[in-house]
Amino acid sequence: TMLGRTLVRQTRFDEAVVYLQRAVAVQEGVYGPVHPAVASAVNELGSVALQRNRLDEADAAFSRMAEIYRKVFPSKHFLIGIAVSNLGSVYTARADHARAEGLYREAIALFSETQSPTHVNVGIARLKLGRALLRQGRHGAAEAELLAGLDIMTKQTSPSVAWVKNGREDLVALYDATAQPDKAAPYRVALAK
(Lines give C-alpha, C1' and ligand atoms only; values in the text may rest on other atoms or scores of the structure.)
Protein backbone atom coordinates (compact mmCIF):
# COMPACT_ATOMS: atom_id res chain seq x y z
CA THR A 1 0.00 0.00 0.00
CA MET A 2 2.78 2.42 0.89
CA LEU A 3 4.62 1.69 -2.36
CA GLY A 4 1.37 2.23 -4.25
CA ARG A 5 0.86 5.57 -2.50
CA THR A 6 4.39 6.63 -3.41
CA LEU A 7 3.79 5.76 -7.05
CA VAL A 8 0.48 7.67 -7.00
CA ARG A 9 2.29 10.79 -5.77
CA GLN A 10 4.66 10.38 -8.70
CA THR A 11 1.62 10.03 -11.04
CA ARG A 12 2.83 6.56 -12.03
CA PHE A 13 -0.74 5.32 -11.97
CA ASP A 14 -0.41 2.08 -13.94
CA GLU A 15 2.34 0.84 -11.62
CA ALA A 16 0.50 2.09 -8.55
CA VAL A 17 -2.66 0.17 -9.44
CA VAL A 18 -0.71 -3.08 -9.75
CA TYR A 19 0.76 -2.71 -6.26
CA LEU A 20 -2.47 -1.47 -4.72
CA GLN A 21 -4.48 -4.37 -6.16
CA ARG A 22 -1.82 -6.73 -4.84
CA ALA A 23 -2.02 -5.04 -1.44
CA VAL A 24 -5.81 -5.45 -1.33
CA ALA A 25 -5.49 -9.14 -2.21
CA VAL A 26 -2.84 -9.77 0.47
CA GLN A 27 -4.76 -7.83 3.11
CA GLU A 28 -8.02 -9.62 2.30
CA GLY A 29 -6.17 -12.92 2.57
CA VAL A 30 -4.76 -12.01 5.98
CA TYR A 31 -7.61 -9.97 7.52
CA GLY A 32 -10.68 -10.84 5.47
CA PRO A 33 -12.63 -8.45 3.24
CA VAL A 34 -13.79 -6.16 6.07
CA HIS A 35 -10.76 -4.56 7.71
CA PRO A 36 -9.33 -1.03 7.96
CA ALA A 37 -6.13 -2.07 6.13
CA VAL A 38 -8.24 -3.24 3.18
CA ALA A 39 -10.24 0.02 3.25
CA SER A 40 -7.02 2.03 3.22
CA ALA A 41 -5.72 0.32 0.08
CA VAL A 42 -9.16 0.52 -1.55
CA ASN A 43 -9.12 4.26 -0.83
CA GLU A 44 -5.86 4.60 -2.76
CA LEU A 45 -7.38 2.73 -5.71
CA GLY A 46 -10.32 5.13 -5.57
CA SER A 47 -7.97 8.11 -5.55
CA VAL A 48 -6.16 6.81 -8.63
CA ALA A 49 -9.46 6.20 -10.42
CA LEU A 50 -10.67 9.71 -9.53
CA GLN A 51 -7.44 11.29 -10.80
CA ARG A 52 -7.82 9.33 -14.03
CA ASN A 53 -11.47 10.42 -14.32
CA ARG A 54 -12.65 6.81 -14.05
CA LEU A 55 -15.59 7.85 -11.97
CA ASP A 56 -17.45 4.55 -11.77
CA GLU A 57 -14.30 2.86 -10.44
CA ALA A 58 -13.76 5.68 -7.95
CA ASP A 59 -17.39 5.50 -6.84
CA ALA A 60 -17.14 1.74 -6.28
CA ALA A 61 -13.88 2.04 -4.34
CA PHE A 62 -15.01 4.88 -2.06
CA SER A 63 -18.40 3.20 -1.51
CA ARG A 64 -16.64 -0.02 -0.49
CA MET A 65 -14.31 1.94 1.77
CA ALA A 66 -17.29 3.60 3.49
CA GLU A 67 -19.05 0.26 3.85
CA ILE A 68 -15.98 -1.34 5.46
CA TYR A 69 -15.51 1.51 7.90
CA ARG A 70 -19.22 1.51 8.83
CA LYS A 71 -18.97 -2.20 9.65
CA VAL A 72 -15.67 -1.90 11.54
CA PHE A 73 -16.68 1.23 13.47
CA PRO A 74 -20.36 0.82 14.37
CA SER A 75 -20.44 4.26 15.97
CA LYS A 76 -19.31 7.48 14.31
CA HIS A 77 -15.66 7.64 13.22
CA PHE A 78 -13.60 10.15 11.26
CA LEU A 79 -12.54 7.47 8.75
CA ILE A 80 -16.17 7.15 7.67
CA GLY A 81 -16.06 10.92 7.08
CA ILE A 82 -13.02 10.54 4.83
CA ALA A 83 -14.78 7.90 2.75
CA VAL A 84 -17.94 10.01 2.49
CA SER A 85 -15.95 13.13 1.57
CA ASN A 86 -14.04 11.21 -1.08
CA LEU A 87 -17.30 9.91 -2.48
CA GLY A 88 -18.50 13.52 -2.61
CA SER A 89 -15.50 14.29 -4.81
CA VAL A 90 -16.76 11.71 -7.31
CA TYR A 91 -20.12 13.48 -7.47
CA THR A 92 -18.38 16.84 -7.85
CA ALA A 93 -16.46 15.38 -10.81
CA ARG A 94 -19.77 14.17 -12.25
CA ALA A 95 -21.20 17.70 -11.80
CA ASP A 96 -23.88 16.28 -9.49
CA HIS A 97 -23.32 19.10 -7.04
CA ALA A 98 -26.50 18.56 -5.04
CA ARG A 99 -25.50 14.96 -4.26
CA ALA A 100 -21.94 16.09 -3.48
CA GLU A 101 -23.33 18.74 -1.13
CA GLY A 102 -25.16 16.15 0.96
CA LEU A 103 -22.06 13.97 1.24
CA TYR A 104 -19.86 16.90 2.25
CA ARG A 105 -22.37 17.96 4.90
CA GLU A 106 -22.36 14.40 6.28
CA ALA A 107 -18.55 14.38 6.32
CA ILE A 108 -18.40 17.75 8.12
CA ALA A 109 -20.78 16.47 10.79
CA LEU A 110 -18.71 13.31 11.29
CA PHE A 111 -15.40 15.18 11.45
CA SER A 112 -16.78 17.85 13.78
CA GLU A 113 -18.14 15.25 16.19
CA THR A 114 -15.21 12.82 16.12
CA GLN A 115 -12.29 15.24 15.75
CA SER A 116 -13.20 18.90 16.29
CA PRO A 117 -15.02 21.67 14.41
CA THR A 118 -11.64 23.25 13.62
CA HIS A 119 -9.82 20.11 12.45
CA VAL A 120 -8.11 20.24 9.04
CA ASN A 121 -10.53 17.56 7.78
CA VAL A 122 -13.42 19.92 8.57
CA GLY A 123 -11.61 22.71 6.73
CA ILE A 124 -11.13 20.57 3.62
CA ALA A 125 -14.72 19.34 3.67
CA ARG A 126 -16.04 22.88 4.08
CA LEU A 127 -13.97 24.03 1.09
CA LYS A 128 -15.35 21.11 -0.93
CA LEU A 129 -18.88 22.02 0.19
CA GLY A 130 -18.26 25.64 -0.73
CA ARG A 131 -17.27 24.58 -4.24
CA ALA A 132 -20.39 22.41 -4.59
CA LEU A 133 -22.56 25.32 -3.49
CA LEU A 134 -20.73 27.74 -5.79
CA ARG A 135 -21.35 25.47 -8.75
CA GLN A 136 -25.04 25.44 -7.86
CA GLY A 137 -25.05 29.25 -7.96
CA ARG A 138 -25.76 29.50 -4.23
CA HIS A 139 -23.30 32.31 -3.68
CA GLY A 140 -24.14 33.33 -0.12
CA ALA A 141 -23.94 29.79 1.25
CA ALA A 142 -20.83 29.09 -0.82
CA GLU A 143 -19.08 32.20 0.49
CA ALA A 144 -19.78 31.22 4.11
CA GLU A 145 -18.37 27.71 3.64
CA LEU A 146 -15.34 28.84 1.63
CA LEU A 147 -14.43 31.51 4.17
CA ALA A 148 -14.88 29.10 7.09
CA GLY A 149 -12.84 26.40 5.38
CA LEU A 150 -10.05 28.84 4.50
CA ASP A 151 -10.00 30.16 8.05
CA ILE A 152 -9.43 26.64 9.39
CA MET A 153 -6.84 25.76 6.77
CA THR A 154 -4.77 28.95 6.87
CA LYS A 155 -4.35 28.64 10.64
CA GLN A 156 -2.99 25.09 10.38
CA THR A 157 -1.36 24.63 6.98
CA SER A 158 1.01 26.31 4.57
CA PRO A 159 -0.42 28.85 2.12
CA SER A 160 0.89 26.63 -0.68
CA VAL A 161 -1.39 23.71 0.24
CA ALA A 162 -3.62 22.90 -2.73
CA TRP A 163 -6.81 23.18 -0.68
CA VAL A 164 -5.93 26.74 0.33
CA LYS A 165 -5.17 27.66 -3.27
CA ASN A 166 -8.41 26.05 -4.48
CA GLY A 167 -10.43 27.88 -1.83
CA ARG A 168 -8.94 31.20 -2.86
CA GLU A 169 -9.62 30.46 -6.52
CA ASP A 170 -13.23 29.62 -5.69
CA LEU A 171 -13.64 32.87 -3.75
CA VAL A 172 -12.24 34.85 -6.69
CA ALA A 173 -14.71 33.07 -9.00
CA LEU A 174 -17.56 33.77 -6.58
CA TYR A 175 -16.70 37.45 -6.19
CA ASP A 176 -16.24 37.83 -9.95
CA ALA A 177 -19.64 36.21 -10.53
CA THR A 178 -21.28 38.56 -8.04
CA ALA A 179 -19.45 41.70 -9.24
CA GLN A 180 -17.47 42.24 -6.02
CA PRO A 181 -13.95 43.03 -7.29
CA ASP A 182 -12.87 44.58 -3.97
CA LYS A 183 -13.56 41.31 -2.17
CA ALA A 184 -11.79 39.29 -4.88
CA ALA A 185 -8.65 41.46 -4.81
CA PRO A 186 -6.94 40.08 -1.67
CA TYR A 187 -7.46 36.50 -2.86
CA ARG A 188 -6.00 37.36 -6.27
CA VAL A 189 -2.95 38.85 -4.53
CA ALA A 190 -2.55 35.76 -2.34
CA LEU A 191 -2.79 33.50 -5.40
CA ALA A 192 -0.09 35.50 -7.18
CA LYS A 193 2.44 34.91 -4.38
Side-chain angles (χ1 to χ4, degrees), residues 1-97 99-104 106-108 110-111 114-115 119-129 131-132 135 149 153 156-167 169-170:
T1 303
M2 294 306 292
L3 178 56
R5 284 184 185 142
T6 300
L7 293 167
V8 168
R9 287 188 180 93
Q10 296 173 24
T11 64
R12 294 165 57 187
F13 297 134
D14 291 337
E15 294 170 83
V17 167
V18 170
Y19 284 102
L20 291 168
Q21 288 173 337
R22 197 176 302 163
V24 169
V26 169
Q27 291 162 346
E28 286 176 332
V30 173
Y31 303 116
V34 179
H35 190 275
V38 174
S40 178
V42 168
N43 177 48
E44 296 302 327
L45 284 168
S47 294
V48 170
L50 184 58
Q51 290 179 64
R52 295 172 125 184
N53 204 36
R54 295 179 180 177
L55 302 182
D56 290 342
E57 289 176 30
D59 189 331
F62 295 139
S63 294
R64 181 174 181 208
M65 175 188 170
E67 181 182 326
I68 291 170
Y69 285 141
R70 283 190 170 109
K71 287 179 181 174
V72 172
F73 306 111
S75 61
K76 294 177 181 176
H77 197 280
F78 82 94
L79 290 172
I80 298 168
I82 290 173
V84 168
S85 180
N86 289 351
L87 192 55
S89 295
V90 174
Y91 285 93
T92 293
R94 287 180 171 153
D96 186 346
H97 303 299
R99 177 78 171 119
E101 175 189 347
L103 291 164
Y104 296 142
E106 180 183 349
I108 290 166
L110 281 164
F111 293 142
T114 60
Q115 293 177 308
H119 193 278
V120 168
N121 285 336
V122 174
I124 292 169
R126 290 190 81 169
L127 289 170
K128 288 179 169 185
L129 173 59
R131 178 170 281 184
R135 291 184 177 165
M153 296 300 289
Q156 300 178 61
T157 64
S158 164
S160 64
V161 168
W163 291 112
V164 172
K165 180 178 178 263
N166 293 344
E169 288 171 349
D170 287 344

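On a predicted model such as this, the values are computed, not experimentally measured, just so you know.
- Counting heavy atoms from C-beta on, the side chains of L87 and S63 come closer than 4.5 Å.
- Note that the CZ atom of F73 and the OG1 atom of T114 stand 10.5 Å from one another [nearest 0.5 Å].
- The shortest distance between side-chain heavy atoms of Q156 and V161 does not fall below 4.5 Å.
- Taking both residues in full, the closest heavy atoms of L127 and G167 are given as CD2-CA, 3.9 Å, listed atom of the first, atom of the second, then distance.
- The two residues I68 and A39 make their nearest non-hydrogen contact at CG2-CB, 3.8 Å.
- In terms of heavy atoms, A93 sits closest to L55 at CB-CD2, 3.7 Å.
- Using a 4.5 Å cut-off on side-chain heavy atoms (C-beta onward), N121 and F78 make contact.
- Remark: R22 pairs with V18, Y19 by the side chain to side chain contact (heavy atoms under 4.5 Å, CB included) rule, at least two apart or across chains.
- Applying the side-chain contact (heavy atoms from CB on, under 4.5 Å) test between I82 and each of F111, Y69, F62 identifies F111 as the sole match.
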| field | Residues R131, N166; criterion side chain to side chain contact (heavy atoms under 4.5 Å, CB included); working and verdict | value | CA-CA 9 Å; R131 178 170 281 184; N166 293 344; 3.7 Å; yes
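- Using a 4.5 Å cut-off on side-chain heavy atoms (C-beta onward), M153 and I124 make contact.
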Inset, instruction - List the steps, then state whether side chain to side chain contact (heavy atoms under 4.5 Å, CB included) holds for S85 with L103. - result: CA-CA 6 Å; S85 180; L103 291 164; over 6 Å; no
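- In this structure, the side chain of S47 engages the main chain of N43 through a donor-acceptor pair within 3.5 Å.
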- Which is it for R64 and D59 under the salt bridge (charged side-chain N to carboxylate O under 4.0 Å, His left out) test, yes or no, and what are the steps along the way? CA-CA 8 Å; R64 181 174 181 208; D59 189 331; over 6 Å; no
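- In plain terms, the two heavy atoms of V90 and A58 that are nearest each other are CG2-CB, 3.7 Å.
- Note that the NZ atom of K76 and the CD atom of E106 stand 9.5 Å from one another [nearest 0.5 Å].
- A 6.0 Å sphere centred on OH of Y31 holds no more than 12 heavy atoms belonging to other residues, nucleotides or ligands.
- Taking CG of L20 as the start and CG of L45 as the end, the distance is 4.5 Å to the nearest 0.5 Å.
- For the residue pair R135 and H97, the shortest heavy atom distance occurs at CD-CE1, 3.4 Å.
- Of the possible donor and acceptor atoms, none in the side chain of Y91 sits under 3.5 Å from a partner among the backbone N and O of E101.
- Residues V17 and R52 meet the side-chain proximity criterion, which asks for heavy atoms closer than 4.5 Å.
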- Task: With side-chain hydrogen bond (donor to acceptor under 3.5 Å, both in side chains) as the test, would you mind laying out the steps for T1 and Q27 before giving the verdict?
- Result: CA-CA 10 Å; T1 303; Q27 291 162 346; 3.2 Å; yes
Next item on the list: Applying side chain to side chain contact (heavy atoms under 4.5 Å, CB included), run through V84 and R70 and close with a yes or a no.
Entry: CA-CA 11 Å; V84 168; R70 283 190 170 109; 3.6 Å; yes
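- In the model, K128 has no side-chain atom that pairs as donor or acceptor with a side-chain atom of T92 under 3.5 Å.
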Could you give the side-chain donor-acceptor pairs of residues 2-11 under 3.5 Å, partners two or more places apart or in another chain?
residue: R5; atom: NE; partner: E44; partner atom: OE2; Å: 2.8
residue: R5; atom: NH2; partner: S40; partner atom: OG; Å: 2.3
residue: T6; atom: OG1; partner: M2; partner atom: O; Å: 3.0
residue: Q10; atom: OE1; partner: R12; partner atom: NH1; Å: 2.6

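- When all heavy atoms of P36 and V72 are compared, the pair lying nearest together is CG-CG1, 3.8 Å.
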